[in-house]
Amino acid sequence: MLQEWAQSKRLPTPVYRVIDRTGPHHDPVFRVGVDLPGLAPAEGVGGNKRTAEMNAASVMIAREGVK
């Protein structure tokens with residue numbers, strides 16, 4: 001959803017980056033940031049990178065008021 005919104009605003013594809021990885025190898029916790037030019041970065045946490053990315057995107061979507 002974030003990528004579609006960014007494209008509709010003529011922004012580049014969102015860039016995700018792992019900020020931190022904690023916890024044991026068998027039960028990691030990832031903290032991921034998402035960046036879009038002109039917007040403050042957003043962060044999300046999850047038990048895998050994909051979940052953390054989705055949570056970060058959800059934070060940005062909510063903050064920007066995307067419907």
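Owing to the predicted nature of the structure, the values given are computational and were not obtained by experimental measurement.
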Undergrad: Any side-chain heavy atom of Val59 within less than 4.5 Å of one from Glu43?
TA: no

Undergrad: Looking only at non-hydrogen atoms, find the nearest pair between Ala56 and Ala42 and report the distance.
TA: O-CB, 3.7 Å

Undergrad: Do Arg31 and Val18 touch side chain to side chain, with heavy atoms closer than 4.5 Å?
TA: no

Undergrad: Is any side-chain heavy atom of Leu11 closer than 4.5 Å to one of Trp5?
TA: yes

Undergrad: So do Phe30 and Val45 actually touch side chain to side chain, heavy atoms under 4.5 Å?
TA: no

Undergrad: Is Met1 linked to Val32 within one hydrophobic cluster, defined over Ile, Leu, Val, Met, Phe, Trp and Tyr using a side-chain heavy-atom separation of less than 4.5 Å?
TA: yes

Undergrad: Keeping Arg63 on the side-chain end and Ala40 on the backbone end, is there a donor-acceptor pair under 3.5 Å?
TA: yes

Undergrad: What pairs with Arg50 under salt bridge (Lys or Arg N to Asp or Glu O under 4.0 Å), at least two apart in sequence or on another chain?
TA: Glu53

Undergrad: Would Tyr16 and Leu2 count as a side-chain contact (heavy atoms from CB on, under 4.5 Å) if you check the C-alpha gap in whole Å, the side-chain angles of each, and the deciding distance to 0.1 Å?
TA: CA-CA 12 Å; Tyr16 296 92; Leu2 179 61; 3.9 Å; yes

Undergrad: Of all the heavy-atom pairs spanning Val34 and Pro14, show the shortest one and how long it is.
TA: CG2-CB, 3.7 Å

Undergrad: Run the side-chain contact (heavy atoms from CB on, under 4.5 Å) test on Asp35 and Arg17 for me, step by step, so that the C-alpha distance in whole Å, both residues' side-chain angles and the decisive distance to 0.1 Å come before the verdict.
TA: CA-CA 8 Å; Asp35 297 305; Arg17 59 191 159 64; 2.7 Å; yes

Undergrad: Taking the side chain as every heavy atom from C-beta outward, state whether Met60 and Leu36 have any pair of such atoms under 4.5 Å apart.
TA: yes

Undergrad: Tell me every residue that passes side-chain hydrogen bond (donor to acceptor under 3.5 Å, both in side chains) with Thr51, counting only those two or more places apart in sequence or in another chain.
TA: Asn48

